[in-house]
Amino acid sequence: MQAPSKKKVIRASLLNPVSDQQVDLLPDTLLVLTPSADDTGDKIELMGNEEELASYLHPKSEYQIVDLRNYILIPGLIDLHFHWVQDAVRSAPKESLLEWLKNHTWPTEAKFADLDYSQLSAAKFSAELIKNGTMAGCCYSSIHDHTIDHIKNSFVGDFIVGTVIMTINSPDYLTQDPDEVIRVVTKRCQQLQAEYAVTPRFAPTVDPATLTAIGESAMKNGSFIQTHLAETKDEIDYVLSIFRQFPLFSDVNSYTDIYHRCKLLTPKTIMGHAIHLDESEWQLLAQTGTAIAHCPTSNAPLKELGLGSGLFNYQMADHYNIKWGLASDIGAGPHLSMFDVIRSFVEQNRRAGLNPTYTQGLFRSTLASAEIMGQKDLLGSFAPGKWANWLMLSGPNLNSKLDGEGVLSSLIGNKQQSRSDFYQLIQGRYYRGKMIG
Ligand code: GUN
Ligand code: FE
């Protein structure tokens, strides 16, 4: 019989996100881990320095000491909006959103009708998530319901998932029957509740009755709602031209108003992009507690491999107290690494004359997104009661008098670090106390 494994004490330096302005750099800190009550992994029971937790380091202690003092630990990263079924179109030519969807993205997503292709792709994508240190987030699938099971069987982490819904203005091979959509969405809401997101692709591809019905299903079952909003100006013209033809929407004021009339703006709604909004739209998002997934690499100029959609106004979101987090938006976004996303967020906004920081980028890729996902007590930072999820980053030397922002900027903002090779920074990944890569 195997001896029961010892309880663990982790000893390492931590970078612990607190807010947009604060990341705590905690040298030589101990994390005491204990298995969760339901035995699904380790949680942090205690956190403190050598002096405070001396008894755990005693040679006769029942705890196994894991010495990671050569590394800096950061919490597992959270990607608030990505399309795992678009891995293959990351580098497809991007002229404009609507052309890219029609010419490249939709034909690619159609392949996921095949069970074997879907299952194999999920296993491959899971390995990429692990490599890049993404351990939670909100995930868009193709229209095919079986993909949900494949994600659930493959991904290591805490992901809210949903299949995109397309009932109108879509190619025949991706057009769904509204009654069947409502039946399947209701079943998934009941089954997965807050692990599921009702996912209308975007307003132009879903008829108003279905938009309203699936929103109701989400509300009844505590599920999330995720979709796209105001990513490009052409998209806004397109959606208004479609909806103003529907009887109840002839006087609709804005793109956001369409979702509002369908009762899709809620405290459990996450809108992707939200770049081109007028004042009334910001107010609607604020009044309804709707959150935003900001996708800087996806929105970046064409020469940076994005769609050139524009720059999200995070100051306006903050002004209205609207919650927002960072996201890769794979495959409109070319890079899966949240380090790429953070760096692009900082660089683009600095070019625009603002003063974003890496501290802010890390906060928006961890704790801020954990809160939006309703998991602030379990994910997003190091604290007693949270899951033991982290990445081990190599260097830099902590005697170099850098503060938390200095350490982050030397790791993530380092111009020598080629884009999309950020996973090399990560020397180890732990999920719920177990090494996963
Ligand atoms: N709008 C509707 N669908 C999509 C999508 O798949 N990606 C992006 N970036 N925008 C969308
Ligand atoms: Fe997207």
Side-chain angles (χ1 to χ4, degrees), residues 13-26 29 44 47 72-82 132-138 157-158 160 270-272 274 289 291-297 299 311-329 333 335 337-350 352 354-387 389-391 393 402-413 422 425-426:
S13 298
L14 312 182
L15 268 174
N16 202 17
V18 178
S19 69
D20 279 326
Q21 292 79 30
Q22 187 183 345
V23 61
D24 289 340
L25 178 56
L26 306 170
T29 299
I44 300 168
M47 182 172 150
I72 297 181
L73 311 191
I74 63 168
L77 294 164
I78 303 182
D79 187 344
L80 202 57
H81 175 130
F82 64 96
N132 286 288
T134 300
M135 296 184 191
C138 298
D158 297 284
I160 294 170
I270 305 168
M271 286 290 167
I292 296 171
H294 167 34
C295 314
T297 42
N299 306 150
L311 191 55
F312 170 68
N313 190 340
Y314 72 85
Q315 291 185 314
M316 195 69 127
D318 290 344
H319 168 77
Y320 277 106
N321 255 329
I322 293 170
K323 295 188 174 82
W324 60 277
L326 285 170
S328 72
D329 194 27
H335 308 298
S337 170
M338 289 307 294
F339 292 147
D340 270 305
V341 173
I342 294 170
R343 186 157 87 175
S344 176
F345 163 72
V346 171
E347 287 182 353
Q348 288 192 68
N349 281 292
R350 286 191 179 161
L354 301 175
N355 193 24
T357 61
Y358 289 94
T359 300
Q360 187 179 15
L362 183 68
F363 173 67
R364 296 288 167 178
S365 306
T366 52
L367 197 53
S369 291
E371 183 176 359
I372 292 167
M373 293 174 68
Q375 305 229 32
K376 148 167 142 277
D377 297 334
L378 292 170
L379 301 175
S381 65
F382 298 102
K386 294 203 181 194
W387 290 116
N389 298 345
W390 65 77
L391 314 183
L393 305 186
L402 293 172
D403 62 2
E405 174 66 16
V407 171
L408 281 172
S409 104
S410 76
L411 292 172
I412 307 173
F422 273 122
L425 254 183
I426 308 172

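Everything numeric here is computed off the predicted structure, so don't read it as measured data. FYI, side chains are in, hydrogens and waters are out, and symmetry mates aren't considered; it's all heavy atoms of this structure.
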**Message:** Using every non-hydrogen atom in the two residues, find where L379 and A370 come nearest and quote the distance to one decimal.
**Reply:** O-CB, 3.5 Å
**Request:** To the nearest 0.5 Å, tell me how far M316 CE sits from I322 CD1.
**Result:** 9.0 Å
**Message:** Just verifying a value: how many Å separate N299 CG and S344 OG, rounded to the nearest 0.5 Å?
**Reply:** 8.5 Å
**Request:** Hey, could you give me the CG/CG distance between L326 and L80, rounded to the nearest 0.5 Å?
**Result:** 8.5 Å
**Item:** Distance-minimising heavy-atom pair for I270 and C138
**Value:** CD1-SG, 3.7 Å
**Request:** Considering non-hydrogen atoms only, spot the tightest contact between D79 and S328 and give its length.
**Result:** OD2-OG, 2.6 Å
**Request:** Would you please test I72 and L14 for side chain to side chain contact (heavy atoms under 4.5 Å, CB included) and show each step?
**Result:** CA-CA 5 Å; I72 297 181; L14 312 182; over 6 Å; no
**Message:** Minimum heavy-atom separation for A274 and F312, please, with both atom names.
**Reply:** O-CD1, 3.5 Å
**Asked** Rounded to the nearest 0.5 Å, how far does CG of D318 lie from CD of Q360?
**Response** 7.0 Å
**Item:** Residue that, paired with V407, satisfies side-chain contact (heavy atoms from CB on, under 4.5 Å) out of V23, I412, L25
**Value:** L25
**Request:** Flag the pair F422 / H335 as yes when at least one side-chain heavy-atom distance between them is below 4.5 Å, and no otherwise.
**Result:** no
**Request:** Report the distance from atom NE2 of H294 to atom CG of L311, rounding to the nearest 0.5 Å.
**Result:** 6.0 Å
**Asked** Do L77 and T366 come within less than 4.5 Å of each other through their side chains, counting heavy atoms only?
**Response** yes
**Request:** Taking E371 for its side chain and K376 for its backbone only, find out whether a donor-acceptor pair lies under 3.5 Å.
**Result:** no
**Prompt:** Which heavy-atom pair separates P356 from V346 by the least distance, and what is that distance?
**Reply:** CG-O, 3.5 Å
**Item:** Pairwise side-chain contact, V341 with S365, heavy-atom cut-off 4.5 Å (strictly under)
**Value:** no
**Request:** Kindly say whether R364 contributes a backbone atom to a donor-acceptor pair with the side chain of S369 at under 3.5 angstrom?
**Result:** yes
**Message:** Does any part of the side chain of N132, heavy atoms only, come nearer than 4.5 Å to the side chain of F339, both counted from C-beta?
**Reply:** no
**Request:** Answer yes when D158 and K386 have at least one side-chain N-carboxylate O distance shorter than 4.0 Å, and no when they do not.
**Result:** no
**Message:** Could you tell me if the side chain of F382 sits less than 4.5 Å from the side chain of L73, heavy atoms only?
**Reply:** yes
**Prompt:** What closest approach, in Å, do P17 and G380 show between heavy atoms, and which atom pair accounts for it?
**Reply:** CG-O, 3.6 Å
**Asked** Parallel, tilted or perpendicular: which fits the ring planes of W324 and F345, with parallel below 30° and perpendicular above 60°?
**Response** tilted
**Asked** Any side-chain heavy atom of I78 sitting closer than 4.5 Å to one from Q375?
**Response** no
**Request:** Check for a donor-acceptor pair, side chain of Q348 on one end and backbone N or O of P296 on the other, with a separation under 3.5 Å.
**Result:** yes
**Prompt:** What's the spacing between L362 CG and L411 CG if we round to 0.5 Å?
**Reply:** 10.5 Å
**Asked** Is any side-chain heavy atom of L391 less than 4.5 Å from a side-chain heavy atom of M135?
**Response** yes
**Asked** Can you tell me if N349 uses its side chain to pair, donor with acceptor, with the backbone of L354 under 3.5 Å?
**Response** no
